[in-house]
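Structure record follows, encoded as structure tokens.
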Amino acid sequence: MLNMKDTTVKYSEAGIHKASMPVGKMFVLAFMAGMFISFAGVASTMASSTIDSPSVAKLVSALVFPAGLAMVVLNGSELFTGNNLMIISDFVKIS
């Protein structure tokens with residue numbers, strides 16, 4: 001398990017890598033992430049709309065939607081929420 005200092009250094013290195021990524025590549029990765037999340041939203045809505053019981057429909061929806069986040073993580077796409085820790089790169093000097 002990583003300690004706090006090592007974790008901060010890892011986040012900092014990831015932030016530097018993301019900040020140095022070409023704009024075109026970042027745009028394509030962001031577009032893909034939005035596409036994956038929207039596919040998951042549509043699939044979640046479609047899966048839950050055919051069920052009569054509201055509680056079961058919400059359960060099915062909650063089980064289907066995270067597939068979008070899994071697609072984002074597995075494909076290395078870029079979501080805004082994943083880039084919020086990039087500010088650590090400005091505060092930590094990597095030795």
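Contact record, Asp6 with Leu2: CB-CD2, 4.0 Å, taken as the closest heavy-atom pair. When all heavy atoms of Ala47 and Val60 are compared, the pair lying nearest together is CB-CG1, 3.7 Å. Taking both residues in full, the closest heavy atoms of Phe65 and Ala40 are given as O-CB, 3.4 Å, listed atom of the first, atom of the second, then distance.
Residues satisfying the side-chain hydrogen bond (donor to acceptor under 3.5 Å, both in side chains) criterion with Lys18, sequence neighbours excluded, are Glu78, Asn83.
Within 6.0 Å of atom CE in Met46, 12 or fewer heavy atoms from other residues, nucleotides or ligands are found, so the atom counts as exposed in its surroundings.
Note on residues 25-46: pairs passing side-chain hydrogen bond (donor to acceptor under 3.5 Å, both in side chains), not counting sequence neighbours, are Ser44-Ser61. A salt bridge (charged side-chain N to carboxylate O under 4.0 Å, His left out) check over residues 40-51, counting only residues at least two apart or in different chains, returns nothing.
Under a hydrophobic clustering in which Ile, Leu, Val, Met, Phe, Trp and Tyr are joined whenever their side-chain heavy atoms come within less than 4.5 Å, directly or via other members, Val42 and Val64 fall into different clusters. A single hydrophobic cluster is seen to contain both Val72 and Phe39, as judged by linkage of ILVMFWY side chains at heavy-atom distances under 4.5 Å, directly or through other members.
Distance check: Met35 CE to Ser77 OG gives 7.5 Å after rounding to the nearest 0.5 Å. Atoms OG and CG, on Ser53 and Leu59 in that order, are 9.5 Å from each other to the nearest 0.5 Å. The distance from the OG1 atom of Thr7 to the CE atom of Met1 is 9.0 Å, given to the nearest 0.5 Å. Between the CE atom of Met21 and the CZ atom of Phe27 there is a distance of 14.5 Å, given to the nearest 0.5 Å.
Side-chain atoms of Leu79 and Leu69, non-hydrogen and from C-beta on, do get closer than 4.5 Å to each other.
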